[in-house]
Every structure is written in structure tokens, then in C-alpha cells.
2 protein chains.
Amino acid sequence: MRSYGQFCPVARAVDVLGDRWTMLILRELLIRDSRYSDLRDALPGIATNLLAERLRQLESDGLVERVGLPRPASAAAYRLTDRGRAVEPVIHALAQWGAPLLSPGQGDDAFRSHWLRLAAPLLLDGTDLAQLEGLTVLVRTGDAPVLFVVEAGRLDVRPAPSPCSAEVEMSGEPSALLDFLRTGGGPGVTVTGAAEAVRAWRDVLARSRTPAG
Amino acid sequence: MRSYGQFCPVARAVDVLGDRWTMLILRELLIRDSRYSDLRDALPGIATNLLAERLRQLESDGLVERVGLPRPASAAAYRLTDRGRAVEPVIHALAQWGAPLLSPGQGDDAFRSHWLRLAAPLLLDGTDLAQLEGLTVLVRTGDAPVLFVVEAGRLDVRPAPSPCSAEVEMSGEPSALLDFLRTGGGPGVTVTGAAEAVRAWRDVLARSRTPAG
DNA sequence: CCGGATCCACTAGGATACTG
DNA sequence: CAGTATCCTAGTGGATCCGG
């Protein structure tokens, strides 16, 4: 991208981060280290040459590094450097601001379950997870099941192993499921498991909180 | 901008905010309500049709409103709506991350003094302004002088009236001045005024703080 | 199958001239 | 002053192909 040519911290940041796709590539690498094809799968519509060029640029800007083998080799992955990981507050602020834009529903948009790793803790921001310590929730939606684990007062989201047992199981369309995470109710989501754990989970989700965004 | 087509809060946010120039237009309107020509002056290099189109888009997205007269009239200005103002955390996060990118210096980049309204409080983040309550600093740099005022423990930056008297006066190149704000020292900045006030001001700036970015 | 490179059609952005 | 209209170029999207 052409520089804005402004001696201003915002402009200098956007010079580096403002290219098309760049922020979404960083989102992916914030969620997990990824191989080239992982990124391509998580970014439907990106042209392969663009992905390659963005990664090169991010590497030369010091936000991303290749881990594994040197340049001409396979099975390597991309990972954020410390400087790249420092973009996290920007991504989080964007996600907070963008959360209300999910309300119109999914439409024809793509969805990947691992995005919940970023979105779910955000949607639960302001809830009190202390009483759920240790709870596990298996979530079936999108392309692959994921496992919610409450630990240290935080919600962590990881790929679900198979087989996988959890105290609570939820399933439904991504759109319904995100509504459910925000409100603790709504149609289109099936919740099963031990009655007490289910009840505690729904209670926490239904608790009033600062509205996201 | 074409939508990324992803059911993800980050992607939906970038769908709206990710167009070229959009973030800088929002930065301007976060600093102050602006007329069309104010924006054009603060965004050197923007094509006038692009500025018009971005403003139209931001208006239809509900981030910006025209204030003053209805469509076919002059002397009107653009202002952020509440939803537009909610982008502030994103801009601040970008500015924090971008602050280290100022170190290479100004080069050929443009500078506008009013940008200090956003940048200066950020560069002083982590300092204790309580002991400077009420201090005024006249800053001469860039295209117009600005006045720093410490009140309610915060640093506020406003256009300097003329004539203007302040307890402390600083002047120098933008690059030197920003370094000075970060470190309390460095070459290229002239500081004058009552010795005690000058000393207190330098002391606070020199105090260690969380490094920006 | 992974990690790209190449080619081509298209669209968004940049520069400038012009108008109510 | 506040934009529109135009032309041109650079960046993007999509498909296909290639080497390890």
C-alpha cells in the first residue's frame, strides 16, 4: 500500500496494517499459528498471490515469522512475532466495535468455528465466570466442533478432540449460537448435559452485562 | 470496499472501516468537527471524489452526520455520531501501536499541529499529571500553535488563541517535539517560561512510564 | 498435497479539470 | 466552498499452472 505520508501514529500504523486482508491474516495468526493452506482456508476469496505477498510484507515489517524450515521447504508455519502480537488490542477493539454488526445474521457469509476463540470470550465480556470454573462445553457449529473450557476465570476455546466428553453440549447455526452466547437464550440452539451444569451455564450467559460494542 | 463475506466481528468491522482513507477521516472527526475543506487540508493527497464518496459511505453507515444546513448548502460540517465516536478505542489502539513507528523521524511526511490533540495525551500515557494541574504550555510547531492545558488530571490540547500567554512555551520541529514529549529531553526543542513551571513539566515528561506501543 | 507463481479481467484509487 | 466528471493506473479477484 502506498504510504499516507503523514507524521502521525495512526497514519503510520495504518500504513502497515491497512492493506486489504492484512488485518484478517493477523486475526488468524492471533488465534493460532497457521500454515499457508490453513490461512487460505480461513480466508475464502483471497487470491493466492495476495496471501503470499501479504505474508512477505508482514515478515519484512517484523510482525510475522516463519517457523519450521527455511524458505524452500514444506510443513512450515507462520507465527506472530512479539511486535505482531502487540496488534491484539487493535483486533480486540475492532471486534468489540464490530460485534453489533453480526445482528443482521450470517447471510451468505463464511464461518469457521475456530473464530469463536476470539469472538466467544468477547461476547461474554462482563459476565462472571468464576462460578463456572472448570466447566467444559462442547460446541457443535460450523466446520468443526470446539471445546469451551472455563479456567482461571477466563473462557478458553480450543479444537475439540474426538472422542470428546464435556459436561454441556451446544449445537446450532453459527448465527443462533452467537445470539445464544450474548443472551443465554433465543431459538435454534440445542443445549444438553447435566441439568445443573446446563442451568449454571445459561444463568451466566443470561446475566446482564455491558453490551458488546 | 467489497465485503470479506465472513461472519466474524473483526471482518464485519473491517468491511466498514477498512477502506483506504476511512480511518484517517475518522481520526480527523474524532479530533474535531470538520468542514469538507478542513478534511481535505488535513488529508493531503486524498482525491476529492474519494473524500466525497467516503463521507457519503460513512454517513449511510451511520458513523458520520452532516451538521448545519441540509444537502445543498454551504458552511456545513461533518460530525461523528455516537456510533462513529465508538470507533475511538480502535483509533487509540492503532495510535499506541503506531507510536514506535514515529522514531525513524518525519522524513517527507506531512504534519498538522492539531494531530497533537490525539497524539500528545497518548505519548504521556502513564505519567502522573496530578502535580501539574492547571499548567498551560504553548507549543509552536507545525502549521499552527496549540495550547496544552492540564485539567482534571488529563492533558487537553486546543488551538492556541492569539495573543496567548502560557506558563511554558515549547518550540521545535514536530519530530524533535514528539521525542521530547516521550522523554523530557533530546535536542532541537526550546523550552522557556518560569523556571519552576519548566522544571515541573520536564520532570513529569522524563518520569519513567509504560513505553508507548 | 503444500506453497506458491503466472496470467488476465475487473474495480478501486489517484490526479486533474471543471461546475453549481 | 463543496463537491462532480473524467481519464488513467495500480491493486484485486479468480483461474490455472508449476515445482518440491
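So that the names make sense, note that chain A is the first sequence line, chain B the second, and so on, each numbered from 1. Below, all heavy atoms of this structure are taken into account, side chains as well, without hydrogens, waters or symmetry copies.
- Here the two rings, on A/Y4 and B/W21, have centers that are under 6.0 Å apart.
- Although no hydrogens or angles enter the test, the distance criterion places no donor-acceptor pair under 3.5 Å between the side chain of B/E167 and the main chain of B/G193.
- Residue B/S37 places its side chain closer to D/dC1 than to any other of D/dG3, C/dG4, D/dC1.
- Phosphate proximity of C/dA5 to A/Y36: absent, as no side-chain N or O sits under 4.0 Å from OP1 or OP2.
- Following rounding to the nearest Å, A/I25 (CD1) and C/dG3 (P) show an atom-to-atom distance of 14 Å.
- B/W97 does not carry A/R12 over the face of its six-membered ring by the limits of under 6.0 Å from the centre and within 45° of the normal.
- At least one donor-acceptor pair under 3.5 Å links the side chain of B/S3 to the backbone N or O of B/G5.
- Between A/R56 and C/dG3 there is no side-chain N or O to OP1 or OP2 distance below 4.0 Å.
- Without hydrogens or angle criteria, B/R182 side chain to B/L177 main chain gives no donor-acceptor distance under 3.5 Å.
- Per the geometry, CG belonging to A/L55 stands 14 Å off C1' belonging to C/dC2, to the nearest Å.
- Between B/L43 atom CG and D/dG3 atom C1' the separation is 15 Å, expressed in whole Å.
- One atom, CG of A/D38, and another, C1' of C/dG4, lie 15 Å apart when rounded to the nearest Å.
- Checking A/D41, A/I31, A/L43 one by one against A/R112, the side chain to side chain contact (heavy atoms under 4.5 Å, CB included) holds for a single residue, A/D41.
- A/S113 places a side-chain N or O within 3.5 Å of a backbone atom of A/D143 that can act as its donor or acceptor partner.
- Put simply, the side chain of A/T81 never gets that close to the backbone of A/R79: no donor and acceptor are under 3.5 Å apart.
- Residue-environment remark: CD (B/E173) stays at or below the threshold of 12 foreign heavy atoms within 6.0 Å.
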Base-contact (B) and sugar-phosphate-only (S) positions in nucleotides 13-20 of chain C, heavy-atom cut-off under 4.0 Å, - elsewhere
SBB-----
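- At whole-Å resolution of the value, CG in B/L51 and P in D/dT4 are 10 Å apart.
- Within the 4.0 Å cut-off from OP1 or OP2 of D/dG3, at least one side-chain nitrogen or oxygen of B/Y78 is found.
- Defining each end axis of the helix from C/dC1-D/dG20 to C/dG20-D/dC1 as the rotation carrying four pairs' C1' atoms onto the next four, with five pairs an end, the two axes are found to diverge by 30° to 10 degrees.
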